[in-house]
Structure formats: C-alpha cells, structure tokens
Amino acid sequence: MQKFVCLSIALVALIVRSSCIWAMAPDLAPREDDVAAFYTGKTVRIIVGYPPGGGYDAYSRVIGRHLGKHIPGNPTVVVDNMAGAGSIVAANHIFNVALKDGTSIGNISGPIILEQLFGNSAVRFDMAKFRYLAVPIPETYLLLVHRRIGITKFEQLLSANQKQITIGGVPNNTIEHAAVIIRDVVGANVKVVSGYKGTSDIRSAMESGEIDGFFNTWTSARIAALELINNGEWLILAQLTDVGLPDLPKNNIPTIGAISRTEEQRQLLRLGISVPSAFAKLYLMPPGVAENRAQAMESAFMETFGDRDFLKDAEKAKIEIGPLSGAQTASLVTQVLQTPADLKIKLKNILHKQ
C-alpha cells in the first residue's frame, strides 16, 4: 500500500511537471513561426542615407530584390532614400522615429561614428545601441597617384627634399579625412585640395593634371580604374589597413604598420580611417526591436549574401560581396567607441580643423 501511494504521488508530480513544460513550450518552440506570422503581408523598408544612384543605393537595391525570400513570412522589401549630412539624417531617423517592430532597416555610413565620438550636435543617435545586421563588404582605402609625378613609394612623401603633391578631397568624407590624417599624423608632404563633389570629379582632375592623386576604396577603384592601375598609369602607394589586401595587382604595398612610425600614429590611422571604413556600408535596425525578429533579419541578410541569384545580380551590378555578420560589425563599432580620450581629442582636432 505504501509503495502504491508513493508511486501515485510520483506519477502526479510527473504529470504536473510535464504539464508545466507543455505550457511553457509555446513560448519556446514556435518563435520562428511567430516571426513568419508577423512578417507575412508586411512591408520592410530599407532607408538609405544617400541619394539614388550612388554606391549605397546600388547595394541596397540589389539586396532589396532578394532579401524578402529569406525573411520568414516573405515580406515585400522596398528601398527609400533619406539623404543628408553624410547619412546622419537617416541615422537620426532610424534611431528616433522609425518603427521598432522589425520593419525598418537603415543603410548608413559607418564612419559617422566619428561624429558621435567628437560630440557633433547634429548627432541624435547612439551607435552603441543600434542592432547591427550586416556589412556587405569591408572597405579599405588606398592612396592612388598618377605616374607622371615620378613618385613610386610612400616613403618618398616623407622626405624633406620631395616636392609637395596635391591630393583631391571630398568635404566631410573619408576620401578627404584619409589625406588629412597622413598629412597631419604621419607627416606626408601633401596638399589637400578640397571641394570635389565625388570620385568621378577627382578622377577627371587627376587625369587632367589638376591634382596628383587621391584616396579611394579598393572596391571602387577596381570598378572604375582597374585598367589604369594594371597598366601602371596609376600607382598604389599605401593601403590603410592592418592586414594587406590579397588581391592588389602588386605585392608589398605598405600597410598602416609600415607607414606609421609610432604606436600613436598607428592607432590614429586605425581608429580614424581603417576600422570605421571596415563597416562603412552598414545595415542596422533601431534599438528595441524584438530579438527573435532581429535574429531572423540578420540571418536573412547572411543567407541573401550566399544566394546564387543574388550573387549573379551583384556581379551584373558590379558590386562586391564579402560580408561581415552583425556580431562582427558590433565588435568593430565597440573598438571605435572605446577610443582612448587623448586619441579622441587628437582625431577631432585633426579632422575638424582640416
């Protein structure tokens, strides 16, 4: 009898425990179904911080054509443009105004993180609080010069006997910031000629002899000027990265470690140019989006980047893909936000005085 009572109590306890687990299961198991149910029939908006027709817009429109089929529920994906202040306007909108239900995605410029770091009053966001989704490809800036000037090595720019060369710049852009930093941090004998609207204007000025060179990303240079680089008309003097790019036409192009003479110089080049450029074409969501939806969206981006049809479309559009995940991106953002106070002040004084 005692054994029967004990067995009965144990059985009741097991039933109660099983019932509790069963009751909890709907919160755990159907999360993906919940995400699919939410996104079914919805419209997801990618808000690009630049005008139509540029590089950011090109990436977002190709991604937008394929992203929906990888999001549970297969929502419609549309691309809107919200240009202004180097994408600060779009970043402010995503952070403060955009829906936080998982239907709003921002495509902004990673280097605007420096404006937050410098206390720019136009910044109304906190880069530490965005939910990062992906970067389609990290960017690395190269110093390109025309061969007519007779300079073939970066170290020649550091010589007191070397004549000054002119470098074209786009105001409030990494193209110009890179030139300013190698001038004021490394001591390169360059004159920065500002005021160009974009790289196409700079390329024309370089060909006409108006300027001697400029900084451009390898992804952009490979599309617009690969023949000029391959035939030696344009020379690559430096690459602003810690680890050299494996696919440059020539080996032994100096990296940050080679052109900087002190640890402080190295860190100023890294935190002022290299690291922010690695997450330049940034996709993110506002803070407060449910994590299961954010995870689903991050997965959708990464699946899209591996989609054969997408890759064919990307090749046709001449955009390169070599993605960073949301977690990898967040790690880079943290590096910049943790810039030591003394380096932050030096960077601000350099880039804001110009």
Side-chain angles (χ1 to χ4, degrees), residues 47-51 54-57 59-60 82-92 94-95 106-128 130 132-143 167-182 184-185 192 194 196-199 202 214-221 239-242 256 267-284 324 328-339 343-344 346-354:
I47 299 171
V48 183
Y50 290 91
Y56 284 75
D57 185 69
Y59 270 88
S60 285
M82 187 179 291
S87 79
I88 288 177
V89 170
N92 286 341
I94 291 291
F95 193 86
N107 174 209
I108 64 170
S109 170
I112 63 172
I113 193 172
L114 295 174
E115 296 307 313
Q116 176 180 333
L117 211 63
F118 301 157
N120 186 332
S121 61
V123 170
R124 297 284 187 270
F125 56 80
D126 183 352
M127 294 287 280
F130 281 118
Y132 296 102
L133 300 174
V135 170
I137 189 163
E139 294 187 341
T140 296
Y141 277 82
L142 309 176
L143 174 54
I167 301 292
V170 177
N172 303 313
N173 187 286
T174 307
I175 292 169
E176 185 163 313
H177 288 171
V180 171
I181 284 183
I182 69 152
D184 293 355
V185 172
V192 180
S194 186
Y196 292 100
K197 293 180 180 179
T199 53
I202 290 179
F214 73 114
F215 276 92
N216 199 10
T217 65
W218 176 226
T219 52
S220 177
Q239 48 181 327
L240 298 189
T241 177
D242 286 322
I256 285 175
Q267 290 299 338
L268 287 169
L269 285 164
R270 286 188 71 256
L271 297 169
I273 302 296
S274 174
V275 180
S277 297
F279 55 90
K281 289 183 171 63
L282 186 55
Y283 288 87
L284 45 72
L324 299 178
Q328 289 172 311
T329 304
S331 176
L332 293 171
V333 168
T334 300
Q335 279 189 49
V336 180
L337 291 177
Q338 292 178 348
T339 298
L343 295 184
K344 188 189 306 184
K346 287 182 179 180
L347 274 176
K348 181 178 181 179
N349 290 340
I350 292 165
L351 296 180
H352 277 205
K353 90 172 177 186
Q354 297 189 26

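Index from 1, following the sequence.
The structure places CG of Leu114 at 12.0 Å from NZ of Lys348, a figure rounded to the nearest 0.5 Å. Atom CD1 of Ile181 sits about 5.5 Å away from atom CG of Leu347, to the nearest 0.5 Å. With values rounded to the nearest 0.5 angstrom, Ile175 atom CD1 is found 10.5 Å from Ile273 atom CD1. Considering OG1 of Thr199 and CZ of Phe215, their distance stands at 15.0 Å, rounded to 0.5 Å. To the nearest 0.5 Å, the span separating OG1 on Thr339 from NZ on Lys344 amounts to 7.0 Å. For the atom pair CG of Leu284 and OG1 of Thr329, the computed distance is 9.5 Å after rounding to the nearest 0.5 Å.
Every residue two or more places apart in sequence or in another chain that forms a side-chain contact (heavy atoms from CB on, under 4.5 Å) with Pro111 is listed here: Ser109, Thr174, Pro276, Ala280. When the side-chain contact (heavy atoms from CB on, under 4.5 Å) test is applied to Ala83, the partners found at least two apart in sequence or on another chain are Pro51. With sequence neighbours left out, Lys346 forms a salt bridge (charged side-chain N to carboxylate O under 4.0 Å, His left out) with Glu264. Partners of Thr217 under the side-chain hydrogen bond (donor to acceptor under 3.5 Å, both in side chains) rule, at least two apart in sequence or in another chain, are Thr219. By the side-chain contact (heavy atoms from CB on, under 4.5 Å) test, Leu332 pairs with Val275, Ala278, Phe279, Leu324, Gln335, sequence neighbours left out. For Glu115, there are no salt bridge (charged side-chain N to carboxylate O under 4.0 Å, His left out) partners at least two apart in sequence or on another chain. Among residues two or more places apart in sequence or in another chain, the side-chain contact (heavy atoms from CB on, under 4.5 Å) test is passed with Val192 by Glu176, Ala179, Val180, Arg183. For Tyr50, the ring pair (Phe, Tyr, Trp, His ring centres under 6.0 Å) partners at least two apart in sequence or on another chain are Tyr56. Take Asn216 and apply the side-chain hydrogen bond (donor to acceptor under 3.5 Å, both in side chains) test, not counting sequence neighbours, and it matches Ser220. Partners of Asn173 by side-chain hydrogen bond (donor to acceptor under 3.5 Å, both in side chains), not counting sequence neighbours: none found.
Within the 4.5 Å cutoff, side-chain heavy atoms of Ile94 are placed close to those of Phe130.
For residues 269-280, the pairs satisfying salt bridge (charged side-chain N to carboxylate O under 4.0 Å, His left out) are Asp242-Arg270, with sequence neighbours left out.
Summarising the geometry of Ile88 relative to Ala122, their closest heavy-atom pair is CG2-O, 3.7 Å, with the distance given to 0.1 Å. Contact detail for Ala91 and Ile112: the closest heavy-atom pair is CB-CD1, 3.8 Å. Of all heavy-atom pairs spanning Ala90 and Ile108, the tightest one is CB-CG2, 4.2 Å. Closest heavy-atom contact between Ile256 and Ser274: CD1-CB, 3.6 Å.
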Start with the C-alpha distance between Leu240 and Ser277, add both sets of side-chain angles, then the distance that settles side-chain contact (heavy atoms from CB on, under 4.5 Å), and finish with yes or no.
CA-CA 9 Å; Leu240 298 189; Ser277 297; over 6 Å; no
Would you please test Phe118 and Leu351 for side-chain contact (heavy atoms from CB on, under 4.5 Å) and show each step?
CA-CA 10 Å; Phe118 301 157; Leu351 296 180; 4.1 Å; yes
Identify each donor-acceptor pair in which a side-chain atom of residues 132-143 lies under 3.5 Å from a protein atom, sequence neighbours left out, and give them as a table.
residue	atom	partner	partner atom	Å
Tyr132	OH	Met127	O	2.4
Glu139	OE2	Lys281	NZ	2.4

